[in-house]
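The structure appears right after this line, and notes come after that.
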Amino acid sequence: MTQHSSTGPADNSALATVASRRDWWRDAVIYQVYPRSFADSNGDGMGDLEGVRSRLPYLRDLGIDAVWLSPFYASPQADAGYDVADYRAVDPMFGNLLDADALIRDAHDLGLRIIVDLVPNHSSDQHEWFKRAVAEGPGSPLRDRYHFRPGKGANGELPPNDWESIFGGPAWTQVEDGEWYLHLFAPEQPDFNWEHPAVGDEFRSVLRFWLDMGVDGFRIDVAHGLVKADGLPDLGSHEQLKLLGNDVMPFFDQDGVHAIYREWRLVLDEYAGDRIFVAEAWTPTVERTANYVRPDELHQAFNFQYLGTDWDAAELRVVIDRTLDAMRPVGAPATWVLSNHDVTRHATRFANEPGLGTQIRLAGDRELGLRRARAASLLMLALPGSAYVYQGEELGLPDVVDLPDEVRQDPAYFRGAGQDGFRDGCRVPIPWTREGSSYGFGAGGSWLPQPAEWGELSIEAQTGAAGSTLELYRTALSVRREEAGLGAGDSVDWLKAPEGVLAFRRGEFVCVTNTTGEAVTVPAYGRVLVASGEVTVAEGEAKVPGDTTVWWTTA
Ligand code: GLC
């Protein structure tokens, strides 16, 4: 097996490691920190940057390469920070710019990279531009930086077109003077008009601000949404939800977005240090996702087709092949992701029937879900390319499906018919210790209540515990990087396997995933490197239990 692509000289200093690994992102494992829910340093029940900084050694020891931080900018928090009022300021609830600076420096000292979230599709309605645009009234040039329109109907009482908000209800809200503005998400998140040059100028300046602060890259929120079809045409269909993600929409995945990313790439490339962009682009197909990662555009795009695949060997194989085939021609690494802050955690998705999608409100069979989640994670980490891990998945955390209504904060929940609505369940603060207030999350409570059994799932409880999910991740991440170089390459060789079983070879490495509920017998390919369940080997054969992944080396 080829080793991962370290090109620098041997050097013990972590900083030198960061500086010397070119193309580090091609095989990186990137860990998503949701700052509200990771660690709370001041006991106010809300996570913060100082909390993240103080826990960086945990992340280094876990064996990840980079941390992606969800937004921590000044924001009224109408959508948990994805409504940004000031792109160059830290919200006081998370700290200040000095805290951000200290976090970036400490991460680099530990050999970790920092990727920040950029939200260019929309601002907060409390952004200076939007507040002034509303205050100045129709005709204000600031209104051109957003999408303001007169309404339809005799008195302009109807929205300008038939688009719906992703969170439910019309995508338009009327202001007092009668004009309407477009918001693909909550009304507090007005969409920018990317046809206006000031918008592009502003975002290139924001990129530079954070690049100058030393960040290693950006995750681009709603990267597929910036450009809207000319004239904002009606969709002409009342089934928007069914079309979403399955078709190019007049507001999603328009070809015009790519010109923006080519410009951004020029800005990024002015900076030393191998920095990256990763797109959150929900496109209909992996082939269309590949457009975002052409050589002069972005570096990576989340593989939502993979995230949306049920625990089914045949379906997984198809999406793995299609992904690798789609990325190869553009030369971008495939990415793999199972969970994030917008979907039900995979331990809960896989605890339920297939076909329910990524928003599930049922606990399902927790034990089964965990067994499958561990197997799924090991499969993901065996694939070539870059993998994303969402905080808490290394603990096997399930979604909290029974949060009381009064604590919920997901804006979609309050808008009823939207696509999501139950994202709070994957955002509950993670447990660090067995006991104590908020299980070590902080000295106070936690902004969403944690289930009583989370003490036993804590980092403290799982550290050093044989067979724990945390130790499984640690071993897998170390083997992936140090021993087998699994992030390298762009293909897998499928091996013959029983129905419901995936088996592939990559040089001297073999991965076998049994997605059936029953044990299967496969050849003993060599030495077991790591397994998500108890594998027994005898006389050249191995018995792999149901819902289990095993890694082998034939060396
Ligand atoms: C992205 C974010 C999500 C947010 C939405 C609007 O999909 O991941 O959390 O609600 O954009 O910004």
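Start at 1 and go down the list; that is how both ligands and their atoms are numbered. Hydrogens, waters and symmetry mates are skipped; everything else that's a heavy atom, side chains included, is used.
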Exercise. Have Gln77 and Tyr82 got a donor and an acceptor in their side chains that come within less than 3.5 Å?
Worked result: no
Problem set entry | Phe304-Phe302 aromatic ring centre distance below 6.0 Å |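 Aromatic pair counts; centres sit under 6.0 Å.
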Exercise. Taking the six-membered ring for Trp, are the ring centroids of Phe72 and Trp210 within less than 6.0 Å of each other?
Worked result: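 Centroid separation for Phe72 and Trp210: below 6.0 Å.
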For this session: Identify the heavy atoms of Phe252 and Val222 that sit nearest to each other, and give their distance.
Result: CE2-CG1, 3.9 Å
Exercise. Checking Arg427 side chain against His341 main chain: does a donor-acceptor pair fall under 3.5 Å?
Worked result: yes
Problem set entry | Non-neighbouring partners of Asp201 that pass salt bridge (Lys or Arg N to Asp or Glu O under 4.0 Å), sequence neighbours left out |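 Here the qualifying residues are Arg204.
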Exercise. Heavy atoms under 4.0 Å from ligand 1: which residues qualify?
Worked result: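 Near ligand 1, by chain and number: Asp79, Tyr82, His122, Phe167, Phe185, Gln189, Arg219, Asp221, Val222, Glu280, His341, Asp342, Arg423, Arg427.
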